[in-house]
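For reference, the structure discussed in these notes is given below.
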Amino acid sequence: MPVSELSKAYEPNAVEEKWYAEWLAGDFFKADPQSPKPAYSIVIPPPNVTGMLTLGHVLNITIQDILARRARMLGKEVLWLPGTDHAGIATQTVVERTLKKQGAIRHRDDLGREKFLDEVWKWKEEKGGIIIQQLKKLGASCDWSRERFTMDAEYSRCVQQVFVDLYKKGLIYRGKRMVNWCPVSLTALSDEEVIMKPQNGTMYFFKVEIAEMPGTFLTIATTRPETIPGDTAVAVNPRDERYAQLIGKHVVRPLPAEVPREQRLIPIIGDEHVEFEFGTGVLKVTPAHDKADFDIWARARRDGIRRGIEELRQMEPINIMNPDGTMNAFAGEALVGLDRFEARNVAADSLRNQLRVLEKEEPYQNNVGYSERADVPIEPRLSEQWFLKCPQVEKSRNVVASGTMRFYPERWEKVYDHWLEGIQDWCVSRQLWWGHQIPVWRLHNSSDWTTWPFTFARDELPTTTDLQTEIGLEQSLSKVAGHSTFFQTYLLDTDLDIFASTTSELEARELQNLGFERDPDVLDTWFSSWLWPFATMGWPEKTDTLAKFYPTTDLVTGPDIIFFWVARMIMAGFEWMGEMPFRNVYFTGIIRDKQGRKMSKSLGNSPDPLDLIAKFGADALRFGVMRSAPLGADILFDEKNVELGRNFCTKLWNAARFRQMQGGESENEINAALLTSDDKWILLRLDAAIREISAALDEYRFSDAAQKLYAFFWSEFCDWYLEASKAALNSGDAPRKANTLAVIDFLLGHTLRLMHPFLPFITEELWHALDFQRDMPDAQGGRTIMFAPWPQPLGDDFRERYALDDRAERFAISKYELVNQGRTLRRNAGIASKKRVRFVLQPQEPLPAHEQEVLKILLNAEPLEVVGNFDAPKGTPTAPTALGTLFLPLEGLVDFGAERERLQKEMVKIEAELVKVRAKLANPSFVEKVPRAVFDEHRQRESAWAEKLAQLQKLRDGLGA
RNA sequence: GCACGGUUAACUCAGCGGUAGAGUAGGUGCCUUACACGCACUUUGUCGGGGGUUCGAAUCCCUCACCGUGCACCA
């Protein structure tokens, strides 16, 4: 059977390269929508196009590859659709930083939008393929012919169409609101991109004079004294008896100090949201720089309008900061131009030393929102942005809550549900250049972007007639209409749609020529990612691919993007496909270092997966990571795990070499009549392994499956079965030898298939080297193990045909127990394991010659005397076992003390167990209430131990005192 | 503050109502003709604390402590 002789050591890198090329050449990863096979599909979470492979990717990709490969073996038509994400902020930041470092620019404005974007595209062309190549090194079996990028022309078209669609439905609107502003990236962010971090700061207590009551002061507590110039009111709780009577009066705002006093008078207003207990119960209201203050301001203003209080109606937020977080002129002479944190100290200082109104300062810890990307505190900022009222929220909640879509592990369902329950409108516009430019147009110079023509309340919108008269719109539109059918669809639809249009680059240029100007902002990256499951399959066309593979089967991703991505894909799936995008979501853990810290560049604790592949092989890396990645838990990465994976591959390799060195044909049928107890035992263990591994994979318990594979193959197959098989292989009994080889081949053939999803390369290599492909049909393992059928549990007919009964299994187990005992005796007597030594066995029942041979090998006994009755010399190390009594006669070498000690130790253990079980049996309520089977089991246990104890006692007594 | 997860051998974790387990690490001996990336033997546990339910609890309930994560957040 051996086709080519296996080299002494496994060399993963050459083998991996060879087989990956073969798989690609054979088009084995390609998905055929016309296939009659049932579909299995999975879309890759698209990595950042300029990203590099991390261990997080290794985990994520390996899981998907395992799912895809197993699905192929289960006879499914598999689509694993790959691609990359343009990753707006991340990519733009990287390119900008690089250009700055090269000295090419100081700021992106130096280049201008178009040239800067050229640079980003250049960068993308250079780096964009890298991560894809890295995924291939890992063995990812994606259909590369379908690779997509979120800024492909067709994909962009989808994004625009979706925007216009939502706009038409009234779900997208432009509004002036408090947004999370990143002063470094200079863009608005969504709530999800803000992470709260505890921060040590200072609470400043300063007093302000009540204008109407000279000499009377209120004390205000704040952490941000630099925003005092932006205060437009002071709020107290109207139910707070200390302050309620002051509502309607005014205080003198201390800053900016140079402004005349009368211009610094701000009203005291009442608001239920002010807490009595916190600080002094008096809150400064800075509506332009704090979300909560903005709401208080809005309520006060509404109240003013309702009650006709002119002062409140006219109260306007004062913006005292520039977009980059420095203070502007409204902040006053002392602060203007300073960075916000510097300004804080300066403001505090002037309260303290110049104005002398600072009463006290206390160290204070509060939570501050940080920009996820730039890692600086975000600045709440009043700004005009595009918002989306998320569609299909109820359906999206329900599909998960009802269990129609399953999350693994389940507990993420609650997190997901909770988020959807309190979902806020999504700020989708970003002040960046890299991304999908918002498909909204206006007439050039017709007005200012920030105010025209969109306001959020529908009734405030200008009418079509207004617009037509105001800006001559009709005239321009008629010009547009003649140019493109595409515009007609979206531009001339209704009076409101005139501003939103899907446009190709060419069309955009035409619009520009006609005097239209496009919104310069781009869309949040996730506004394109949320379409990934169907936009990659040809939507909005009704493609074969969509028909066959949508909804997808599994999604594998990290829980950190459950809101960013998973939830939104579900909403999008319902909105445009009318169906959920995937049936199951598997959330991986986060990879940490072995001390439990997150992987990070600055800590230098994040190994390069490619180095690991070069050192240990891709299979080793995959196996090592999967074996230590339990469902739902974080993974503490340790290179030791990869080493273990490598060792496992080597073990597999050597077992295959062992098989190959025996020669002989692999086509032999197993002959039931010649099966030994070891054969039967290992077949039953294989059956159990198939069941357990299949069940584990069905439930996404990958580490359980990997551990079972490891334990089964190493301990059961190699350590016990292959060792025992040497008795037959060395026996010179040709039929027996052939039969043993048939069993070994059966085991290897099944084991390789069970391993293949985890270890694709080495299993493919051995599949061919051991010639397993020979008798398989082309489509089922003849060309590649990838399509070999997934092993099924051995059926009843199989068990019957090969007489795989409990009796043989129990005998084998007893035999291995006996071997363990014998090895312990040998070890205890200080005999080296390689030294052949005389054992004597006094069996319970006659032992077949073959079994004697097996025992001889496993015990490394020479000779093994099997006798009816052995009169052991006093003190001979002796082990009573189920198969009989085993002696290790040591002529003249007996160490009575050591042997007594060994027996004593064993007896102590057994006595302890006996005490426990007897206490239970002596308990009347135990006897009364316990189920019969449990009771019997306890009785059996008791008598077994008692017997064993008696035997040991006898042995010990035989040694004398 | 609310919610979720965790606390089991030196480390990482499994077990989730009926005799405490695995891998790694440690110890000892072996380069035994598939494999030293190996083989054999072997040590180690108040299963976080307290209370309850039960004949019986690592396992179920309550409570406390600590660790982690998510959400909310008050100046």
Side-chain angles (χ1 to χ4, degrees), chain A residues 6 8-10 196 203-204 220-224 227 234-235 273-275 277-286 290 292-293 296 364 366-367 369 409 411-416 418-419 421-422 559-560 562-563 590 594 596 616 620 627-628 630 632-636 638 640-641 643-662 701 703-704 707 710-711 714-715 718-719 722-723 726 819-820 823-828 830-836 860 912-913 916-917 919-920 923-931 933-935 937-938 941-942 944-945:
Chain A
L6 291 169
K8 178 130 203 251
Y10 175 53
M196 303 304 285
M203 180 74 87
Y204 300 91
I220 302 175
T222 183
T223 53
R224 302 198 63 186
T227 64
V234 168
H273 280 71
V274 180
E275 302 250 344
E277 311 292 327
F278 195 89
T280 58
V282 184
L283 169 67
K284 70 195 250 325
V285 180
T286 324
D290 187 286
D293 288 5
I296 292 175
Y364 183 73
N366 63 342
N367 279 328
R411 65 188 151 88
W412 292 108
E413 290 177 3
K414 256 191 189 159
V415 175
Y416 168 86
H418 187 243
W419 184 76
E421 192 182 0
D560 47 329
I562 185 170
F563 309 137
I590 294 166
K594 59 182 161 186
F616 299 108
R627 196 178 157 285
S628 56
D634 286 354
I635 295 114
L636 302 193
D638 187 340
K640 278 242 150 57
N641 292 326
E643 239 177 275
L644 179 137
R646 187 265 321 260
N647 295 353
F648 188 52
C649 290
T650 306
K651 189 73 179 176
L652 174 59
W653 187 257
N654 281 309
R657 277 182 65 223
F658 172 75
R659 163 64 190 93
Q660 207 175 42
M661 288 163 83
Q662 304 305 318
R701 291 182 286 113
S703 67
D704 287 352
Q707 287 186 43
Y710 185 92
W714 201 306
S715 309
C718 291
D719 288 349
L722 281 188
E723 291 306 318
K726 287 174 181 173
V819 170
N820 268 329
R823 285 168 175 173
T824 307
L825 292 183
R826 158 205 281 279
R827 170 72 205 177
N828 238 273
I831 298 165
S833 52
K834 71 158 186 185
K835 190 174 182 223
R836 303 205 157 170
N860 201 23
E913 293 301 334
K916 272 201 276 185
V917 76
K920 277 193 179 183
N923 183 344
S925 40
F926 175 83
V927 180
E928 273 169 42
K929 297 186 181 175
V930 91
V934 175
F935 180 77
E937 189 258 331
H938 278 74
R941 210 194 292 164
E942 195 238 343
W945 268 322

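Letters go in sequence order (proteins before strands), and every chain restarts at 1.
- B/U8 and B/G45 are spaced 15 Å apart, taking the P atom of each and rounding to whole Å.
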Set out, line by line, the N/O atom pairs under 3.5 Å between protein and nucleotides 3-14 of chain B.
none

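- Between B/C62 and B/U69, the distance separating the two P atoms is 25 Å to the nearest Å.
- Taking atom P on both nucleotides, B/U53 is separated from B/U59 by 15 Å, rounded to a whole Å.
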* Asked: With the sugar-phosphate defined as primed atoms, P, OP1 and OP2, and the base as all remaining atoms, what B/S/- string results for nucleotides 32-41 of chain B, 5' to 3', for protein heavy atoms under 4.0 Å?
  -> B-BB-BSSSS
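- B/C60 and B/C16: their C1' atoms are spaced 9 Å apart (whole Å).
- Comparing the C1' positions of B/C67 and B/A22 gives a spacing of 24 Å, expressed to the nearest Å.
- B/A9 sits 26 Å from B/C4 when the P atoms are compared, rounded to a whole Å.
- With a 3.5 Å ceiling on both atom-pair distances, the Watson-Crick or G-U wobble partner of B/U7 is B/A65.
- When Watson-Crick and G-U wobble pairs are counted only if both distances are under 3.5 Å, B/C55 pairs with B/G18.
- Note on A/Asp638: nothing from the nucleic acid sits closer than 4.0 angstrom, heavy atoms only.
- When heavy atoms are screened at a 4.0 angstrom cut-off, A/Met203 is found touching no nucleic acid atom at all.
- Here the separation of B/A58 from B/A65, taken at their P atoms, is 24 Å to the nearest Å.
- Using Watson-Crick or G-U wobble geometry with both donor-acceptor distances under 3.5 Å, B/G38 finds its partner in B/C30.
- Within 4.0 Å (heavy atoms only), A/Tyr204 reaches no atom of the nucleic acid at all.
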Any N/O pairs under 3.5 Å between the protein and nucleotides 17-20 of chain B? List them or say none.
| residue | atom | partner | partner atom | Å |
| --- | --- | --- | --- | --- |
| B/U19 | O4' | A/Arg941 | NH1 | 3.2 |
| B/A20 | OP1 | A/Lys916 | NZ | 2.9 |

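- Going from the C1' atom of B/C31 to that of B/U24 covers 23 Å, rounded to whole Å.
- Searching all strands for a Watson-Crick or G-U wobble partner of B/A72 with both distances below 3.5 Å returns nothing.
- Checked by distance alone, A/Asn923 brings no side-chain donor or acceptor within 3.5 Å of a matching partner on the base of B/C55.
- An OP1 or OP2 oxygen of B/A75 is reached within less than 4.0 angstrom by a side-chain nitrogen or oxygen of A/Tyr364.
- Nucleic acid contact for A/Leu644: sugar-phosphate only, since backbone atoms but no base atoms lie under 4.0 Å from a heavy atom of the residue.
- Computed from coordinates, the A/Arg627 CZ to B/U24 C1' distance equals 8 Å when rounded to whole Å.
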